[in-house]
Novice: 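The following block contains the structure, expressed as structure tokens.
Reminder, nothing fancy here: chain letters follow the sequence lines and each chain counts from 1.
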There are 2 protein chains.
Amino acid sequence: MGTRSTRPPQPTLEMVAADAGVSRATVSRVVNGSPKVRPEVVESVNAAIDRLNYVPNRAARSLASHQTQSVALVVPEDMTKFFGDPYFAAVVQGITNRLDESDYTLNLLVASSDPRHKTMRYLRSGNVDGALVISHHTGDDFVANLESTMPVVFGGRPTNHSGENNYFVDVDNIAGAISGVQHLIDLGRRRIGTITGPVDMPAGIDRLTGFHQALSQAGLEVAAIEHGDFTAAGAAAATRRLLANTPDIDALFVASDLMAVGTMGVLAEQGRMVPGDIAVVSFDDSPAATSGPISLTTVSQPSKEMGFTMADLLLRLLADDESVPHHNIMPTRLILRDSA
Amino acid sequence: MGTRSTRPPQPTLEMVAADAGVSRATVSRVVNGSPKVRPEVVESVNAAIDRLNYVPNRAARSLASHQTQSVALVVPEDMTKFFGDPYFAAVVQGITNRLDESDYTLNLLVASSDPRHKTMRYLRSGNVDGALVISHHTGDDFVANLESTMPVVFGGRPTNHSGENNYFVDVDNIAGAISGVQHLIDLGRRRIGTITGPVDMPAGIDRLTGFHQALSQAGLEVAAIEHGDFTAAGAAAATRRLLANTPDIDALFVASDLMAVGTMGVLAEQGRMVPGDIAVVSFDDSPAATSGPISLTTVSQPSKEMGFTMADLLLRLLADDESVPHHNIMPTRLILRDSA
DNA sequence: GTGATTGATGAGAGCGCTCTCACGCCCGGC
DNA sequence: GCCGGGCGTGAGAGCGCTCTCATCAATCAC
């Protein structure tokens, strides 16, 4: 036990009860805000709590009540990707905003490369009452069987076909992409290419689908497609390939702001003027959209609200709310700036 | 209890024991890898565990053993700042790398704005065995009394004077800054300014100190100082102020890569060539250093190793290792690229 | 005044695990 | 053959809390 044993022992419910001259049960009631305790008793118990600096032991509480009052945020994603993308920051922010209103705390699990096994064990050991999952690649079914254990809300439509009855919050990526590409078309651009997101992620797939739909509706051909990976570096490489293969494009739809940053760098490097030579529309409306020299016209998705909604749904699920909607699709909005 | 109650109950130690035809104690021994169990018994218990798909209940284990097998990463920082900075990504990566080798799991607490109170409660409720704290502002003493409750390792020298006997891992920011500024001087630059980090953070203070020391050693005057906040946007604003007040500088020492990104943007916007007109050296050597059009000459700090070391120290502390050094200062290295 | 009712409190049985201790077995020594 | 010792195992007492149920006093109706 070591270091722990040399530290002053935490006061227990029992000690507070003794100090206040009441029973354990009464202290428990006070701690949990039960209405059926006489005000003067509440007061004396609270005084004892302050006096002893008492904090309830979570393990004991959790063991007895079968609840942990905490939820997990599972990110089956590479650590650097997770941290690098402001989109995640916004989502997490939204989540914590909602959670801060409740008594639940967040457990962040970046379950990237290594031992997903370990992550699953952690989740299944009853550490959390429910889980939030974002950035769900196709094939990441390791999260799937989680749903049999606890309520789960996905951020972004999950790709496993396993069930229509899972809960998720997503933005309308297809409609968003269409609005972005349509803007390019309205601008008179005709040789429109795209840097896609990963095609094993719904967000990547849907945005590409929207790109195709917008073009075919306008009777235009796809000028060029290169696949990116939602990172700036990956997009830079993709842009180089695209420019090498199809030098004559006049517009680019890039599937995320962060990727657009990489794209803009390559464009500048190769002397292409934006939006003069090539108009650029991206997706997300994250801080990255306005951090560069040319501010990006981008399809805004309500990331923070998404996070908030995810947390809200989960909390309602945990409270046995029967009316929680399974699918929540949030709208996007085109933000006009300098790049297109 | 709600949703939980409708889900299949988790198997318990007791059930495994019954299934395997042994006692609870024996199953416990097997689960915890005790050597004093007959191999054939181990095998039959493991078979039972697999059969029932048993996972130990953490609350119960924690309650009985007074250990949680998890540690907290406390970040008294704004969420967006935390996610935006690749430095943190690297540190967290290092931490998880070390933790993955152990049985401990990480609990991330971004204890920014709101209820630090809530964070403290969480920590003090016995949720974790120890804590890692990074980005510790001056005045953030809310973490200070944590140390009386559990082992704590700081990333970056803590500013509270409260004790010399706390544990921390830091880089030699002063020496690093000196090496960066010295490089500028060696390049023949004489009008050298700086964009500092927050002066309420040791990292900000120390890098500024190094800046001063290098200049005074060379007998040079400080051309200009503007304060940044370790964000790209803040640095951009600071750079504008600096350029407005002191247009004739020929070199800039920027206290972080991320800030340098903001600075480079403003420099480009105002037509200053880098490194021709103004040479730039920054600090961190994060991915941000090479993401822009001009790669940054930067003082490399071993962020990932810092994280790894922090976790390692904490784990040793938890294992009652008496020989854990209190202060761990890691060296920096100047990386020469295009900006200076 | 009696019995029924309400409301605050306490007693006590777990929650699922760990850990100490005692027990029974088999071995070797004399 | 007896005893001491080791080793593997089981019994059982908690860990700090929640929650049901019983208790007891005060209130009310008649």
Side-chain angles (χ1 to χ4, degrees), chain A residues 1-2 4-5 8-45 48-49 52-70 103 121 124-127 129, chain B residues 1-2 4-5 8-45 48-49 52-70 103 121 124-127 129:
Chain A
M1 318 285 99
R4 253 153 277 101
S5 55
Q10 291 291 337
T12 70
L13 237 210
E14 189 92 45
M15 293 164 67
V16 175
D19 190 280
V22 296
S23 74
R24 258 191 353 266
T26 299
V27 178
S28 177
R29 287 188 189 98
V30 172
V31 169
N32 294 294
S34 160
K36 38 176 70 177
V37 181
R38 286 210 327 278
E40 60 263 37
V41 174
V42 171
E43 209 163 313
S44 80
V45 169
I49 288 177
L52 298 178
N53 203 6
Y54 168 75
V55 176
N57 178 302
R58 192 169 257 247
R61 180 183 279 207
S62 163
L63 179 58
S65 69
H66 290 285
Q67 299 193 191
T68 63
Q69 294 292 87
S70 60
D103 277 330
R121 267 188 80 80
R124 290 204 41 224
S125 311
N127 275 289
D129 295 340
Chain B
M1 318 287 103
R4 253 152 275 102
S5 56
Q10 291 290 339
T12 69
L13 236 210
E14 189 91 47
M15 294 164 66
V16 174
D19 191 280
V22 296
S23 74
R24 260 192 349 270
T26 298
V27 179
S28 176
R29 288 188 187 98
V30 172
V31 169
N32 294 294
S34 159
K36 39 175 68 175
V37 181
R38 285 208 331 275
E40 59 265 39
V41 175
V42 172
E43 207 162 317
S44 80
V45 169
I49 288 176
L52 299 179
N53 203 9
Y54 168 76
V55 177
N57 178 303
R58 193 171 257 246
R61 180 183 279 206
S62 162
L63 180 59
S65 68
H66 290 286
Q67 299 194 188
T68 64
Q69 295 290 87
S70 60
D103 277 329
R121 268 187 78 80
R124 291 203 43 224
S125 310
N127 275 290
D129 295 340

Novice: Is the number of heavy atoms from other residues, nucleotides or ligands within 6.0 Å of CG (A/D103) greater than 12?
Specialist: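 Open: at most 12 neighbouring heavy atoms sit under 6.0 Å from CG of A/D103.
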Novice: Kindly say if B/N57 contacts the phosphate of C/dC15, meaning a side-chain N or O under 4.0 Å from OP1 or OP2.
Specialist: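 So the side chain of B/N57 is outside the cut-off, no N or O lying under 4.0 Å from OP1 or OP2 of C/dC15.
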Novice: Taking CD from A/Q69 and P from D/dT18, how many angstroms apart are they, rounded to a whole number?
Specialist: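 Distance check: A/Q69 CD to D/dT18 P gives 11 Å.
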Novice: Please confirm whether the shortest side-chain N or O distance from A/R61 to OP1 or OP2 of D/dG16 is below 4.0 Å.
Specialist: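 Checking D/dG16 against A/R61, no side-chain N or O comes under 4.0 Å of OP1 or OP2.
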Novice: Please report, rounded to the nearest Å, how far the C1' atom of D/dC19 is from the NZ atom of A/K36.
Specialist: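 Going from A/K36 (NZ) to D/dC19 (C1'), I get 11 Å.
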Novice: Quick check: does any side chain N or O of A/T26 sit under 3.5 Å from a backbone N or O of A/A17, one acting as donor and the other as acceptor?
Specialist: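 No, the answer is negative, given that no donor and acceptor are paired below the 3.5 Å cut-off.
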Novice: Whole Å only: how far is the CG atom of B/L13 from the P atom of D/dA11?
Specialist: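 Taking atom P of D/dA11 as the reference, CG of B/L13 is at 14 Å.
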Novice: Which nucleotide in the set D/dG16, D/dT18, C/dC19 lies at the smallest distance from any side-chain heavy atom of B/A25?
Specialist: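 Among D/dG16, D/dT18, C/dC19, the one nearest the side chain of B/A25 is C/dC19.
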Novice: Judged by modelled atom types alone, do B/R124 and A/Q10 share a side-chain donor-acceptor pair under 3.5 Å?
Specialist: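 Judged by distance alone, the side chains do pair up.
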Novice: How close or far is atom P of C/dG16 from atom CD of B/Q10, stated in whole angstroms?
Specialist: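 For the pair B/Q10 CD and C/dG16 P, the rounded distance is 10 Å.
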Novice: Considering only C/dG16, C/dG12, D/dA13, which nucleotide approaches the side chain of B/R24 most closely?
Specialist: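 Comparing C/dG16, C/dG12, D/dA13 against the side chain of B/R24, the answer is D/dA13.
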Novice: Rounded to the nearest Å, what distance is computed from the CG atom of residue A/N32 to the P atom of nucleotide D/dT18?
Specialist: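 Computing the A/N32:CG to D/dT18:P distance gives 5 Å.
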Novice: Does a side-chain N or O from B/T26 land closer than 4.0 Å to OP1 or OP2 of D/dG10, or not?
Specialist: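 Looking at the OP1 and OP2 atoms of D/dG10, one of them is under 4.0 Å from a side-chain N or O of B/T26.
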Novice: Test your reading of the model: is there a side-chain donor-acceptor pair from B/S28 to the backbone of B/R24, 3.5 Å cut-off?
Specialist: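 No, B/S28 side chain to B/R24 backbone: no donor-acceptor pair under 3.5 Å.
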Novice: Classify the nucleic acid contact of B/V31 as base, sugar-phosphate or nothing, counting any heavy atom under 4.0 Å across all strands shown.
Specialist: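 B/V31: no heavy atom of the nucleic acid under 4.0 Å.
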Novice: So which one's nearest nucleotide on DNA chain D is more toward 5', B/P35 or B/A64?
Specialist: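 This one resolves to B/P35.
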Novice: Measure the distance from CG on B/L63 to P on D/dC17 and round it to the nearest whole Å.
Specialist: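 So the CG-P distance, B/L63 to D/dC17, works out to 9 Å.
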Novice: Atom CE of B/M15 to atom C1' of C/dC17: distance rounded to whole Å?
Specialist: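 Result: 15 Å.
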Novice: Is there a side-chain contact between A/R38 and the phosphate of C/dA8, meaning an N or O under 4.0 Å from OP1 or OP2?
Specialist: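 For C/dA8, OP1/OP2 do not have a side-chain N/O of A/R38 under 4.0 Å.
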Novice: Nearest to the side chain of A/V22 - D/dG16, C/dG10, C/dC17?
Specialist: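 Nearest listed nucleotide: C/dG10.
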Novice: Is there a side-chain polar atom (N or O) of B/S23 under 4.0 Å from OP1 or OP2 of D/dG10?
Specialist: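 Yes, within the criterion.
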Novice: For B/R29 and for B/V55, find the nucleotide of DNA chain C with the closest heavy atom, then tell me which residue's nucleotide is more 5'.
Specialist: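 The 5'-side residue here is B/V55.
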Novice: Have a look at A/V31 and tell me which of A/V55, A/I49, A/V16 forms a side chain to side chain contact (heavy atoms under 4.5 Å, CB included) with it.
Specialist: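 Answer after filtering A/V55, A/I49, A/V16: A/I49.
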Novice: Ignoring hydrogens and angles, are the base of D/dG16 and the side chain of A/R58 linked by a donor-acceptor pair under 3.5 Å?
Specialist: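 Looking at the base of D/dG16, it does not pair with any donor or acceptor on the side chain of A/R58 (distance under 3.5 Å).
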Novice: Distance check needed: C/dG12 P versus A/E14 CD, whole Å only.
Specialist: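 After rounding, the reported distance stands at 12 Å.
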